[in-house]
Amino acid sequence: MQPMSKAYNPSEHESRVWQKWIDANAFHADPDRVLNGDARPYCVLIPPPNVTAALHLGHALNNSIQDILIRAHRMKGYETLWMPGTDHAGIATQTMVDKRLKERGEPAIADYKQKELAGEDGRGQFVSLVQDFKDEFEARITDQLMKMGCSCDWDRQRFTMDDICARAVREAFFQLFKDGLIYRGKRLVNWDPVSQTALADDEVEMEEVDGHFYYLRYPLVKEIEGDPTVPVTWGELATRGYPDADNHPDDEQAWVTVATTRPETYMGDTAVAVNPKDPRAGAVRGMHVMLPIVGRIIPIIEDDYVVLPVKYGGEPGDAKAEMSTGFLKVTPAHDPNDYMIGQRHDLEMINIMAPDASISDQHGWDREERGEGGHVFLGKSREEARELVVKEFNARTVAEGSEGSLLEKMVPHKHSVGHSYRSHVPVEPYLSDQWYCKVTDDRLRGNAQRALTPEQRTEASLQAWPESAPTCPRGTGFQPVSPPSPSSSIPDALTIHQRHLPHWQLGGSTYFVTFRVETGTLSEKERDQVLDACFHFDGDRATIRLVTVMPDHVHMILTPLEHESGGYWPLQDLMHSIKSFTANAINRDRGATGPLWQDEYFDRLLRGQDEFVEKWNYMLMNPVKAELCEQPGEYAWTKRGEPGQRRRGRDGLEARPTRGGVEKGVCSTDGTMHFYPARYAKTYETWHDNLRDWCISRQLWWGHRIPVWSRSGVAPFEQFDQFSDWLFDGLTDGRLHARRRDDEEVTREFLQSGEQLDDLFICFKSEPTLEDIRILEEAGFTQDPDVLDTWFSSALWPLSTMGWPDASAAKDSSGIEDFESLLPAFNPTSVLTTAREIITLWVSRMTMFNRYFLSTNPRGTGFQPVTPPPSSLQDDGLEARPTEENMPGPAPFKDVFIHAMIQDGEGRKMSKSLGNGVDPLDIIDSHGADAMRFTLCQMTTQTQDVRMPVERDESTGKNTSPKFDLGRNLCNKLWNASKFALGMFEKAELKPGLPINPEELTLIDRWMLSRVTEATNKVNTALRNYMFKDYADAIYDLFWRDFCDWYLESIKPTIGDNPEQAAVLRTVFDAILRLMHPVMPFITETLFERFEPLPMREIEGFTFEQTKATDTLCLSGWPTPADELRDEVAEEAYERVRSLVTTIREVRATAQVKPKRQIVLHAGGELAADIARWSPLIETLAGVETVTADEPEGQSASFTFEGAEYRLSNLADALDAGAERDRLEKELATIEKSMAGIKGRLSNPGYVDKAPAHLVEQTRNQLAQLEKDHAATKAALDKLA
RNA sequence: GGGCGAGUAGCUCAGUUGGCUAGAGCGUUCGCCUUACACGCGAAAUGUCGUGGGUUCGAGUCCCUCCUCGCCUACCA
């Protein structure tokens, strides 16, 4: 192997290391190991990036996080699957390709549309161009992910339009269609006039726009003797009690004024609405208005949707009431609210626009037939039409000779208007025929809400969507987590926090509790008594899951239950009961008095499965480790709770006594999804509250074509018999489904008339045969030209990538042998990692679909029949409840982690238009993938977005950020520390040998082992809670601060002839590489290659997780140092060393001692003894040549340590006494300041009386210490004087 | 308008149930090419924790007021 270079150069290693992983097939997941029970599953699905563009820094962050989780779990022995893939992004990709073609001057989509019309398969030709584009970008994205080091299972890469995903889309559409959850509706959609397609609500972006309110006058008319155009005069209104009518001349024609921001839509008005409570309503009842220029006579209707103007009772301050005139123009075909009014009053809908949003009388406005005016507006764009309408109104009056124009006034107004996220033009509410998915159905929306863990749900949501369904007798979709097999390795060491605080606020949680015997041990009989006491309260105040009574301590896992008042039993009360119950009995038998137990330690089990299993394992192994038995099952005082107990929660996981009480039972597939950070659960819930049915059709070519055939506007069809035979055969054998527009049953009678076929929709379960197509075409049917919203296939991602609905077909088409094992092994997945903006749509839709399609019986029984789509856009209130035969499937992931958003230094989004984007590949080139990953990981917290100051490198024209230096520096440090350590091993012999007993090691070694142990715990906790900054900080501090700054510096003089120390260095470095690997895979793997051949001597308690293979670091086991390696004695002692060294260094720095100069420390007594025992730590770290008890001769400097004064000499040839005095005086001031604060606190009677005793005690000790320091420093100062 | 979040050192951010003298990295200052690392080592300086009140023996942390910023959402009368 080559000697190591002076600095780490990532480009020399990254591609080679990557190839090594690929050659080792290291990222390949084996689902059968999960199904055989050989390993627990851990699975992450990549949120498939759009094939429209290369990845940006946000993707880099997201994928780094996923890779960290995946790599850590792989090393922890889980069978891990990270499924990669890309998304076809229908509208975005189609637009991109079109733009590209135009730029190149090649035929673009308009030309292909022409071809298509000419019968030349323009569609097919265009789609194949998009396909080429997709191939190009898919390759680019894949390359980027690989450069970042993403350890995806690349053999399983999917694309949302590949044949496996397509099969899922077709099946899903068919099932939903058959179940009445997909319907056709003529409604207002968000129309993008440039792309000329419908958009879903989430594809519309709101933008602030400076507009105006236009106040338009519509003349009032009434019908007399068949003439509907007779003017109504103010005089007439006045007699009918119209307020203020007498302000106008009696004989003039009256008008009503409407306010609008969109005057150009007035041609589509079909009514004017007024609130029935409006004092003017009675006067105009039954009257009409005449639309100026157009001449249409439309009714005045009454609807309480209309806001009253302030003048007539509207609420002052309400923006609408302030602006309103009380009369509202109603344009059902161009405004969603007007649409609803139109529905209520059965108004005409007149669409006045062409698909490009120009004014047209060819798309629903039969102007000439009606004899209406307004031809001047035809062909005008929306903007032109607005100007023209305003101009025309302004030029006219209500009637000849009237005062004032039809345009009463214009008021500037700022408001936000929906814009297409793709073409950025204002979205037009446009009447059109589209397909909808009825997501408001309880089976979809309701189950998406119920998927959320009750702890994160709001009261309102729990009421609206109560947890449903009886207890679930069969599987839950989770792997059974009955306690793991005894043979599995000892789990992660536990971190137990002492908590004395209000756990009664944390009702319904499961706890891990430990309490110890004050002195002595328990006899066997006494252990029985404790067990009895525990179970005495089981099912009464708590559910006991597992107890193990050791001779000197007790562990238990339990869940407090609700008590009558609605709260939960406080854990303190429970413990008190159990402890006093047993203490009394045992003391009585022993004839003893006094306390038996110490305080308990307890830790809330915040998370379900992993932590539960970890602690469960820990408890089972406890007697084995204490050598009380050989196998976990053999210890007589380990008892599980009664398995048959009703109160046990799902899967024996979190017994979750929920608010209706435990008696109701818990639906095992509800309540499993957790958001991290938890606050996003609320966003998720609220989004569902406002949900409307989802428009799933798009007028595009790039996407999954809608598998529905229909027929309209063609000649009547003669051969009904043959056709209906064919149709009924298809219906009977289930390969197609037919629905009528009005959702009536499809009968033979229905088919009697060829014209009725126009109301028929036929959906095929799989691709229709040529024969089918022939029959359909003869009958005049054509396939729907539209495609599905891209999110429809994205929503199926957890299913489609795993081979649903037909894994054996997926196996055949992909050649992947174990495809059939994927879904059972890995769905539900472990976590979805995504950005904020995706919470709503994607998480929700995946949850809906996963739960729907994996339900025990998604169709038919158990659900109430669903009526055809309601005309209202809102949920119709259907409450179909699942039954036992019809259990919804699991949520597709257990956790949803929402990561931070990356912004530039000014807090703006990174975007192309601002030019503030940073390309991950540029950073990888300049700093290396590991540096980028570490920096991103270190910067991402749960509360703040990531601000990344962007700098432009003028020489390359590329954007970068100085932040990435942090990661690069760390890599370089790691590289050099390795070089140094490897150099050490050339001098210090490493050889295998008997396991090392850590107690026999030197202070510094025991300290280092303790630090690694603690850091490992920190890392485990951080990763479990998705605290990536904490993870980064933990390894940074461990490696740089503890290992490099102190450990390596300390062992320099001793390691050469201390083989045990060499073994510790070897093991510790190994552990550090492993802990760092998830975030910095390339460099750690590179270094591991150099360390791996060196023999490793076992240190007792320092073990590594068992994994599938160990030849590469990425497959090697995670460190699992035993808790016993935490060495408080060593930590405390080394803390004294550090403190002494720091103090001496400070003196050296202030006295300007040359770094190389070796000084003399004058210390006697106990400190001298300590220093001798620690030798040569102080000497090495503080640059001390000799330690002597003698008083210094000549010049010396003094310092205070632990309340005593010591001196240093040989600092320099001549000392600066002034500097020395300054230093001491400053120190004295600091001490005095601290003392004042502490004295103040102690002299406050409230503090001494009310603060916890141990704090007061601590404060007193502090004061005592400070007083000693003060005296010592004072003495030194006096001597100087 | 409604919701969520943020405001802590010059910059970017931590700060678990209220409790040792509020921390880290970068930057700054001083001294160092000291047996790997100047992408480094040693030392130092830097804070009215947005504002004003309240609860408490004790508040960066809990409650209320106000100010500033960000995101989401509603609003085309």
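Order of the sequence lines fixes the chain letters, A, B, ..., with proteins taken first and strands second; residue numbering starts at 1 for each chain.
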If you measure from CG on A:N969 to CG on A:L974, what distance do you get to the nearest 0.5 Å? 12.5 Å
Quick check on RNA chain B: between A:M1027 and A:V1153, whose nearest nucleotide comes earlier from the 5' end? A:M1027
Would you give the length of the straight line joining atom CD of A:Q1265 to atom CD1 of A:I1231, rounded to the nearest 0.5 angstrom? 9.5 Å
Among B:rG19, B:rG25, B:rC32, the nucleotide that comes nearest once only the side chain of A:K963 is considered: B:rG25
One character per nucleotide, please: for nucleotides 33-45 of chain B, 5' to 3', B when the base has a protein heavy atom closer than 4.0 Å, S when only the sugar-phosphate does, - otherwise. -B-BBSBSSSSSS
Taken to the nearest whole Å, NZ/A:K1018 to C1'/B:rA24 is 12 Å
B:rU34 and B:rG70, which share atom name C1', separated by this distance in whole Å: 49 Å
Which label fits A:F934 and A:Y1036: parallel for a plane angle under 30°, tilted from 30 to 60°, or perpendicular past 60°? parallel
Using a 4.0 Å heavy-atom cut-off across all strands, classify A:M939 as base, sugar-phosphate, or nothing. sugar-phosphate
Using the closest heavy atom to pick a nucleotide of RNA chain B for each, name whichever of A:I1238 or A:V307 lands nearer the 5' end. A:I1238
Regarding A:T260, tell me which of base, sugar-phosphate or nothing describes its non-hydrogen contacts under 4.0 Å with the strands shown. sugar-phosphate
Reckon A:Y305 touches a base, only the sugar-phosphate, or nothing at all at heavy-atom distances under 4.0 Å? base
Can you confirm if the NZ or CZ of A:R1138 lies within 45° of the ring axis of A:W1046 and under 6.0 Å from the centre of its six-membered ring? yes
Using the C1' atom on both, measure B:rG40 against B:rG23 and round to a whole Å. 23 Å
Can you tell whether the side chains of A:R1041 and A:D1045 come within less than 4.0 Å, N to carboxylate O? yes
At under 4.0 Å between heavy atoms, what does A:D1037 touch on the DNA or RNA strands: base, sugar-phosphate, or nothing? nothing
Between A:K682 and B:rC4, is there a side-chain N or O to OP1/OP2 distance below 4.0 Å? yes
Take the angle between the ring planes of A:F1043 and A:F1069 and call it parallel below 30°, perpendicular above 60°, tilted in between. perpendicular
Pair assignment for RNA chain B - dot-bracket with | for other-strand partners, Watson-Crick or G-U under 3.5 Å: (((((((..((((.....[...)))).(((((.......))))).....(.(((..]....))).))))))))....
Output the rounded distance in Å from CE (A:M948) to C1' (B:rC11). 14 Å
Round to the nearest Å and state the distance from A:N1261 atom CG to B:rU21 atom P. 13 Å
Scan A:V1147 against the nucleic acid and name what it touches under 4.0 Å (heavy atoms): base, sugar-phosphate only, or nothing. nothing
Using a cut-off of 4.0 Å on non-hydrogen atoms, how would the nucleic acid contact of A:L328 be classed: base, sugar-phosphate, or nothing? base
Rounded off to whole Å, could you give me the CG-to-P distance for the A:D278 and B:rA77 pair? 18 Å
A:T1259 versus A:Y1247, side-chain donor and acceptor atoms under 3.5 Å: yes
Do the rings of A:Y684 and A:H688 sit parallel, tilted or perpendicular, given the 30° and 60° boundaries? perpendicular
Between B:rU12 (P) and A:F964 (CZ): distance, integer Å: 16 Å
Answer yes if the side chains of A:Q938 and A:D1033 hold a donor-acceptor pair under 3.5 Å, and no otherwise. yes
For atom C1', what is the distance between B:rG58 and B:rA14, given to the nearest Å? 23 Å
A:R1241 near the nucleic acid: base, sugar-phosphate alone, or nothing, with a heavy-atom cut-off under 4.0 Å? sugar-phosphate
Is any side-chain N of the basic residue among A:K963 and A:E951 closer than 4.0 Å to the acidic one's carboxylate O? no
Basic-acidic side-chain contact under 4.0 Å: A:R382, A:E264: no
Could you tell me how far B:rC13 sits from B:rG19 if I compare only their C1' atoms? Round to whole Å. 24 Å
Determine the contact category for A:R679: base if any of its heavy atoms lies under 4.0 Å from a base atom, sugar-phosphate if only primed atoms, P, OP1 or OP2 are that close, otherwise nothing. sugar-phosphate
Span that lies between the P atom of B:rA59 and that of B:rG1, in whole angstrom: 35 Å
Tested for side-chain hydrogen bond (donor to acceptor under 3.5 Å, both in side chains) against A:T331, the lone hit among A:T260, A:D269, A:N337 is A:D269
With sugar-phosphate meaning primed atoms plus P, OP1 and OP2, does A:N337 contact a base, only sugar-phosphate, or nothing at under 4.0 Å between heavy atoms? sugar-phosphate
Please report the distance separating the P of B:rU21 from the corresponding atom of B:rU12, rounded so that it comes out in whole Å. 29 Å
Base, sugar-phosphate, or nothing: which does A:T941 touch, judged by heavy atoms less than 4.0 Å apart? sugar-phosphate
Please tell me which of the listed nucleotides, B:rC71, B:rA14, B:rU21, lies nearest to the side chain of A:R836? B:rC71
Whole-Å distance, A:Y1036 OH to B:rA14 P, equals 17 Å
Protein-nucleotide distance (A:E205, atom CD; B:rC71, atom C1'), rounded to Å: 14 Å
Separation between the C1' atoms of B:rG7 and B:rG50, rounded to whole Å: 6 Å
d(CH2, A:W687; P, B:rA74) in whole Å: 11 Å
What distance, rounded to whole Å, do you find between the two P atoms, one in B:rC63 and one in B:rU56? 16 Å
